[in-house]
Amino acid sequence: MSRNTAERISERLSRRDFLAAAGGSAALAAFLAACGRGGSSNSAGDFTRKLNLYTWAEYDDPDLIASWGDLNITIFNSNEEAIQKLVSAGGVSGFDIVVPTGPYIPQMVAEGLLEEIDLARIPNFGNLDAPYIDQVFDPGNKYSVCKNWGTTGWVYDTEVVTTDIQTWADFIKVAQTEASGQVSVIDTPPNLCGIYFWANGIDWNTESAADLDACEKFLVDDLAQHIKAFDSYPGINLTQGNYVLSQVWNGDARQGLISVEDAGDDPTRYKWAVGAPQTELWMDNWCIAKGASNLDAAYDFINFILDPVNSLTDVQFHGFNTGLKGIEESAVDMPYKEMVFFTGEVVDRMRSQTLNSSQDRLVDIYNKTRAKAGA
């Protein structure tokens with residue numbers, strides 16, 4: 001990724017086999033040289049490599065994390081769901097690491113849900129490229145470390161949908177016609193409402209009552225009846241015939257196409273695109289949950305996952321850019337690389353989420369739309 005592209009990402013945020021991926025010894029050597037391999041997390045004393053991780057689905061290579069130790073993984077579908085569960089637990093959630101999206105971190109800090117992070121215990125933190133540290137939602141990385149970042153778009157079955165979907169307005173039109181009743185949307189309030197805002201040239205961080213009223217009217221009265229499911233991970237479901245059109249995060253869409261290839265079928269049947277004319281930019285983060293009982297293990301795991309070899313292995317699985325120095329250049333033979341690393345021109349149409357006075361209203365719109373859809 002060019003420095004120009006990386007800097008654009010920074011502004012917007014202000015959200016298999018390693019040798020094959022590396023494309024040979026030269027790329028591997030350059031990647032390792034750029035990053036460095038800090039082996040120790042400087043954890044104090046002996047500890048058991050065991051963790052309770054609260055995260056998104058299909059988000060880490062299971063073989064990779066098993067090579068570190070024993071991770072018990074609990075899945076959430078949205079930041080709102082995660083925060084609600086942590087708040088209800090009152091600081092005794094039992095989780096060691098949680099993976100929220102950046103704009104939600106200040107809220108989690110205010111609720112007393114996160115531990116402060118000692119970066120000295122994560123030597124591999126230095127492997128992160130500059131645009132992915134010191135974000136406005138967590139200056140100085142006091143509570144968070146970048147896990148990866150991505151965007152939102154759509155994927156559809158071209159044997160059913162004949163319209164060439166180029167914009168969110170096209171997405172809506174197809175959802176109401178060719179794909180009606182076979183549509184999935186991401187199971188989060190901001191992403192659901194984003195469909196309407198992005199299609200109509202409205203800032204998806206709007207606090208305007210008129211904008212929010214119009215969004216609710218459209219989603220509840222016009223779109224809900226066409227929605228089959230609220231599914232944050234539809235990539236594989238769509239390619240298995242459960243949907244014909246899905247709003248989707250880029251890495252999940254990529255996993256769906258890879259699953260088609262693995263099954264011996266033709267992935268060109270399905271078409272993916274980044275949302276337009278505007279869409280989401282998000283960054284998810286490693287955070288240590290308040291009261292983590294396996295604190296040394298948490299530091300060691302975060303350091304492990306920031307190792308350049310381990311990071312590239314993980315990218316191959318989940319399909320999101322981890323923000324390490326030189327990672328794009330090292331991923332020479334990565335399948336569907338264009339779905340992981342984006343040009344500056346594509347990044348220019350991405351916008352990150354801001355939590356503001358509309359947050360509760362977005363949740364209310366989501367609840368009403370879901371009730372009307374019966375999904």
Side-chain angles (χ1 to χ4, degrees), residues 15 76-81 83-84 101 103-104 151-156 161 163 165-235 237-238 242-249 252-253 273-282 349-375:
R15 200 180 145 346
F76 58 80
N77 291 306
S78 69
N79 288 283
E80 291 82 2
E81 176 187 336
I83 292 172
Q84 182 179 25
T101 307
Y104 291 82
T151 190
T152 302
W154 50 76
V155 63
Y156 58 96
V161 175
T163 299
I165 301 177
Q166 298 186 8
T167 67
W168 286 110
D170 294 338
F171 177 97
I172 288 170
K173 180 179 178 181
V174 171
Q176 294 175 310
T177 54
E178 295 172 79
S180 180
Q182 299 296 318
V183 179
S184 74
V185 294
I186 293 175
D187 193 17
T188 75
N191 288 102
L192 172 66
C193 295
I195 295 172
Y196 172 80
F197 294 135
W198 296 321
N200 289 280
I202 300 170
D203 180 358
W204 76 313
N205 293 308
T206 181
E207 298 179 88
S208 161
D211 289 341
L212 293 164
D213 288 346
C215 177
E216 177 179 323
K217 177 174 173 48
F218 170 76
L219 292 176
V220 174
D221 294 345
D222 298 331
L223 189 63
Q225 61 185 304
H226 303 284
I227 296 174
K228 180 178 182 179
F230 291 73
D231 186 347
S232 291
Y233 317 105
N237 274 325
L238 183 139
N242 293 318
Y243 318 126
V244 299
L245 172 64
S246 293
Q247 182 191 30
V248 65
W249 292 310
D252 187 59
V274 175
Q278 291 188 0
T279 196
E280 177 182 26
L281 174 65
W282 52 262
R349 64 179 192 251
M350 302 178 190
R351 301 290 185 274
S352 60
Q353 180 187 2
T354 300
L355 294 193
N356 53 37
S357 63
S358 69
Q359 184 179 9
D360 290 343
R361 183 67 190 282
L362 296 180
V363 173
D364 183 55
I365 294 171
Y366 160 86
N367 288 333
K368 289 177 179 176
T369 305
R370 183 158 189 162
K372 183 67 174 291

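All of these numbers come straight from a predicted model, not from anything done at the bench. Both backbone and side-chain heavy atoms feed into the values below; hydrogens, waters and symmetry mates do not. When a residue number appears, it is its place in the shown sequence, counting from 1.
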Can you confirm whether more than 12 heavy atoms, excluding those of Q84, are under 6.0 Å from its CD atom?
no
Strictly distance-based, threshold 3.5 Å: is any side-chain N or O of [X] a donor or acceptor partner for the main-chain N or O of [Y]?
X	Y	result
T151	E280	yes
N367	D364	no
E81	F76	no

Determine whether the side chains of [X] and [Y] contain a donor N or O and an acceptor N or O closer than 3.5 Å.
X	Y	result
E178	T163	yes
S246	S184	yes
Q176	D222	no
D211	Y196	no

Heavy-atom closest contact ([X] atom, [Y] atom, distance):
X	Y	value
S78	T188	CB-CG2, 3.6 Å
N242	Q182	O-OE1, 3.4 Å
W198	T279	CE2-CA, 3.7 Å
N191	T152	ND2-OG1, 3.5 Å
L355	P103	CD1-O, 3.4 Å
C193	I365	SG-CG2, 3.8 Å

Quick one: do K368 and L219 satisfy side chain to side chain contact (heavy atoms under 4.5 Å, CB included)? Show the steps, please.
CA-CA 9 Å; K368 289 177 179 176; L219 292 176; over 6 Å; no
Apply side chain to side chain donor-acceptor pair (under 3.5 Å) to residues D187 and Y233 and explain how you reach the verdict.
CA-CA 9 Å; D187 193 17; Y233 317 105; over 6 Å; no
Salt-bridge present (R361, D213; N to O < 4.0 Å):
yes
Hey, could you give me the [atom1]/[atom2] distance between [X] and [Y], rounded to the nearest 0.5 Å?
X	Y	atom1	atom2	value
T206	N356	OG1	CG	8.0 Å
T177	H226	OG1	NE2	8.5 Å
D252	S232	CG	OG	9.0 Å
R370	I227	CZ	CD1	10.0 Å
T369	Q225	OG1	CD	12.0 Å
F218	N200	CZ	CG	7.5 Å

Parallel, tilted or perpendicular: which fits the ring planes of W168 and W154, with parallel below 30° and perpendicular above 60°?
perpendicular
Are Q278 and W204 close enough, and set up right, to give a side chain to side chain contact (heavy atoms under 4.5 Å, CB included), and what steps lead you there?
CA-CA 9 Å; Q278 291 188 0; W204 76 313; over 6 Å; no
Would you check, one step at a time, whether the test side chain to side chain contact (heavy atoms under 4.5 Å, CB included) holds for V174 with Y156?
CA-CA 10 Å; V174 171; Y156 58 96; over 6 Å; no
Would you please test K228 and V183 for side chain to side chain contact (heavy atoms under 4.5 Å, CB included) and show each step?
CA-CA 5 Å; K228 180 178 182 179; V183 179; 5.7 Å; no
